[in-house]
Number of protein chains: 2
Amino acid sequence: MLKYQQIAAEIEKYIEDNALQQGDKLPVLETLMAQFEVSKSTITKSLDLLEKKGVVFQVRGSGIFVRRHKRKGYISLLSNQGFKENLEDFNITSEVIELEVRKPTKEVALALNIELNEDVYYIKRVRYINGQTLCLEESFYNKSIITYLNKEIASESIFYYIREGLGLKVGFSDMYLHVDKLNEEEAKYLGLKKGEPKLYVETLFHLTNGQPFDFSKVTYNYEQSQFFIQTNSQFL
Amino acid sequence: MLKYQQIAAEIEKYIEDNALQQGDKLPVLETLMAQFEVSKSTITKSLDLLEKKGVVFQVRGSGIFVRRHKRKGYISLLSNQGFKENLEDFNITSEVIELEVRKPTKEVALALNIELNEDVYYIKRVRYINGQTLCLEESFYNKSIITYLNKEIASESIFYYIREGLGLKVGFSDMYLHVDKLNEEEAKYLGLKKGEPKLYVETLFHLTNGQPFDFSKVTYNYEQSQFFIQTNSQFL
DNA sequence: TAGTGGTCTAGACCACTAT
DNA sequence: TAGTGGTCTAGACCACTAG
């Protein structure tokens with residue numbers, strides 16, 4: 001683990017262990033430099049990382065402060081991976097409805113940047129949170145990257161398997177979302193009624209090298225899904 | 001403007017002007033260092049900024065590549081400001097329903113971190129996109145920070161006024177969102193029917209120094225609102 | 001193994017905040 | 001004006017990718 005990641009982790013743990021609240025001040029840069037015995041740039045890099053994660057905010061001329069949000073029970077939309085890891089506080093389970101190798105539709109081929117005659121893993125799951133239906137998920141994995149999948153893996157965390165089992169590095173993703181009304185099939189799987197609201201999210205996941213490997217379409221149960229996003233003012 | 005911001009802007013403009021596509025390779029670091037006559041750290045900082053903005057992605061050992069998403073007409077959820085600036089391609093207008101100074105509710109006082117006897121500006125607007133209703137917005141501004149507002153400002157971009165008129169620096173924000181059914185009043189303002197879907201978003205905006213200054217509640221017209229989020233793998 | 005991006009340092013100087 | 005975070009440099013060395 002790199003120095004700046006290690007230091008970031010320690011600072012985060014310190015905030016957690018001491019239950020620091022929004023606005024609480026952290027030691028000044030010079031102190032942190034001395035404490036961790038690193039240069040200013042390294043500490044700065046650690047703090048920038050924590051700032052991106054929404055853990056602290058830095059104010060020039062003033063100090064470094066803890067950033068916290070108040071509401072619990074919200075799912076972070078930005079954690080670029082399955083929920084399994086994101087929602088450790090919750091009890092997430094999956095029921096695999098379907099898993100097979102098939103040829104992509106035009107839409108899927110375009111998203112995954114593959115030919116129509118290449119193979120994809122198609123997985124359809126219903127995911128549960130604390131026993132309630134959370135969402136219906138259909139995923140398409142590029143089989144030339146995700147070379148093997150089975151029901152056992154799919155009923156656990158696929159992303160964990162991708163990273164630890166296959167040794168792949170998940171990079172960035174593009175999410176498209178809108179609100180609509182449930183159709184008959186979606187309503188059935190989620191235990192709701194046709195015409196009730198849904199949040200519909202399509203996500204294209206890429207490896208760190210830019211290759212798209214997973215295109216997924218998720219329909220959320222509106223009764224169970226509260227989402228949370230932390231924004232930084234990185235856009236001028 | 002700082003060097004690294006200037007360089008980032010120039011690189012972004014270069015990508016735009018040459019209509020570069022996802023995966024197109026940019027010059028290597030050494031070339032960029034020479035071209036802009038700056039040190040490696042500065043170029044790196046520019047590229048990190050562009051990476052945060054979702055404009056490029058960097059692959060160690062390989063190169064720097066353009067990142068693009070394919071879909072047009074989606075509103076970015078992460079642009080931490082009004083839409084006015086975010087959606088220059090669209091025609092966004094606002095109708096101010098109500099604007100007054102009032103005392104906060106407990107909920108608002110808690111969010112804005114003020115006392116119940118302090119003043120807030122309350123603004124209720126309907127926003128339109130290309131002539132259709134986009135959303136119903138209720139905002140509460142801490143009056144000790146946003147000292148003055150009027151209908152004219154509120155019918156244009158309030159955030160532009162906050163930055164340029166008041167000289168304040170907008171920092172981070174926390175967004176909470178869920179899907180639900182429209183109530184009678186919301187349906188009326190949006191021109192929809194009671195019980196139809198809505199996306200409901202509460203956002204708490206802070207200045208760069210961490211002070212919350214705006215708590216807003218927005219109900220979106222599900223027919224008009226498609227959202228877009230770019231994620232980076234900053235979370236391990 | 002050559003090429004490319006990433007980490008880390010030590011230090012100078014700058015810009016903003018608080019008093 | 002003292003204190004604090006931000007920018008920028010020059011350079012050494014490291015880690016990953018691709019041919």
Side-chain angles (χ1 to χ4, degrees), chain A residues 1-9 11 23-52 56-67 145 163 167-172 206-211 232-234 236, chain B residues 1-9 11 23-52 56-67 145 163 167-172 206-211 232-234 236:
Chain A
M1 199 179 207
L2 296 165
K3 267 193 192 177
Y4 81 93
Q5 293 175 329
Q6 182 62 42
I7 292 169
I11 293 174
D24 286 355
K25 197 167 185 294
L26 292 177
V28 300
L29 277 182
E30 203 169 352
T31 308
L32 293 170
M33 284 168 66
Q35 184 178 331
F36 291 105
E37 296 180 295
V38 292
S39 71
K40 190 173 179 180
S41 321
T42 302
I43 278 292
T44 296
K45 191 146 198 204
S46 301
L47 292 167
D48 287 349
L49 179 61
L50 291 176
E51 191 158 46
K52 272 207 284 187
V56 305
F57 61 95
Q58 302 174 75
V59 186
R60 193 204 288 243
S62 181
I64 303 150
F65 304 91
V66 173
R67 177 173 176 195
I145 299 173
R163 279 202 306 280
L168 297 172
K169 276 171 287 181
V170 176
F172 55 92
H206 305 74
L207 299 178
T208 47
N209 69 6
Q211 274 192 294
N232 293 311
S233 71
Q234 54 206 244
L236 288 193
Chain B
M1 201 180 207
L2 296 165
K3 267 192 193 177
Y4 81 92
Q5 293 174 329
Q6 182 62 41
I7 292 169
I11 294 175
D24 285 355
K25 197 166 185 294
L26 292 177
V28 301
L29 278 181
E30 204 170 350
T31 309
L32 293 170
M33 284 168 66
Q35 183 177 333
F36 292 105
E37 295 180 295
V38 293
S39 70
K40 189 172 178 178
S41 320
T42 302
I43 279 290
T44 296
K45 192 145 197 203
S46 301
L47 291 168
D48 287 349
L49 179 60
L50 291 176
E51 191 157 47
K52 271 207 286 189
V56 305
F57 62 95
Q58 300 174 77
V59 185
R60 190 199 299 237
S62 180
I64 304 151
F65 304 91
V66 173
R67 177 173 175 195
I145 299 173
R163 280 202 307 277
L168 297 172
K169 275 168 288 181
V170 177
F172 55 92
H206 305 74
L207 299 178
T208 47
N209 69 7
Q211 276 191 294
N232 293 311
S233 70
Q234 54 206 244
L236 286 194

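Here is the naming used below: chain letters follow the sequence lines, and residue numbers restart at 1 for every chain.
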Grab the [atom1]-[atom2] distance between [X] and [N] for me, whole Å please.
{"X": "B:Tyr4", "N": "D:dG6", "atom1": "OH", "atom2": "P", "value": "9 Å"}
{"X": "B:Leu32", "N": "C:dT4", "atom1": "CG", "atom2": "C1'", "value": "12 Å"}
{"X": "A:Asp48", "N": "C:dG6", "atom1": "CG", "atom2": "P", "value": "15 Å"}
{"X": "B:Gln211", "N": "C:dA18", "atom1": "CD", "atom2": "C1'", "value": "14 Å"}
{"X": "A:Lys45", "N": "D:dT7", "atom1": "NZ", "atom2": "C1'", "value": "15 Å"}
{"X": "A:Glu30", "N": "C:dA10", "atom1": "CD", "atom2": "P", "value": "14 Å"}
{"X": "B:Met1", "N": "D:dT7", "atom1": "CE", "atom2": "P", "value": "12 Å"}
{"X": "A:Leu207", "N": "D:dC16", "atom1": "CG", "atom2": "P", "value": "16 Å"}

Re C:dC16: Watson-Crick or G-U wobble partner, both distances kept under 3.5 Å, found to be D:dG3
Please tell me if the side chains of [X] and [Y] come closer than 4.5 Å, counting only heavy atoms from C-beta onward.
{"X": "A:Asn232", "Y": "A:Arg67", "answer": "yes"}
{"X": "B:Leu32", "Y": "B:Ile64", "answer": "yes"}
{"X": "A:Asp48", "Y": "A:Glu51", "answer": "yes"}

Q) Does B:Lys40 get its side chain close enough to the base of C:dG6, under 3.5 Å, for a donor-acceptor pair? A) yes
Looking only at the side chain of [X] (C-beta and beyond, no hydrogens), which of the listed nucleotides [options] gets closest?
{"X": "A:Arg60", "options": "C:dC16, D:dC8, C:dG5", "result": "C:dC16"}
{"X": "B:Lys169", "options": "D:dT7, C:dT17, D:dG5", "result": "C:dT17"}
{"X": "A:Lys3", "options": "C:dC14, C:dT9, C:dA12", "result": "C:dT9"}

- Determine the contact category for B:Ile64: base if any of its heavy atoms lies under 4.0 Å from a base atom, sugar-phosphate if only primed atoms, P, OP1 or OP2 are that close, otherwise nothing. sugar-phosphate
Is the distance from OP1 or OP2 of [N] to the nearest side-chain N or O of [X] less than 4.0 Å?
{"X": "B:Ser62", "N": "C:dG5", "value": "no"}
{"X": "B:Ser39", "N": "D:dT9", "value": "yes"}
{"X": "A:Thr42", "N": "C:dT9", "value": "yes"}

Of B:Val28 and B:Leu2, the one whose nearest nucleotide on DNA chain C sits closer to the 5' end is B:Val28
Comparing nearest nucleotides in DNA chain C, the 5'-proximal residue of the pair B:Leu26, B:Asn209 is B:Leu26
- On the 0 to 90° scale, with breaks at 30° and 60°, tag the B:His206-B:Phe172 ring pair as parallel, tilted or perpendicular. parallel
Next on the checklist: Tell me whether B:Thr208 contacts the main-chain N or O of B:Gly171 through its side chain, where contact means a donor paired with an acceptor under 3.5 Å.
Outcome noted: no
DNA chain D nearest-nucleotide lookup for B:Glu37 and A:Gln58: closer to the 5′ end is A:Gln58
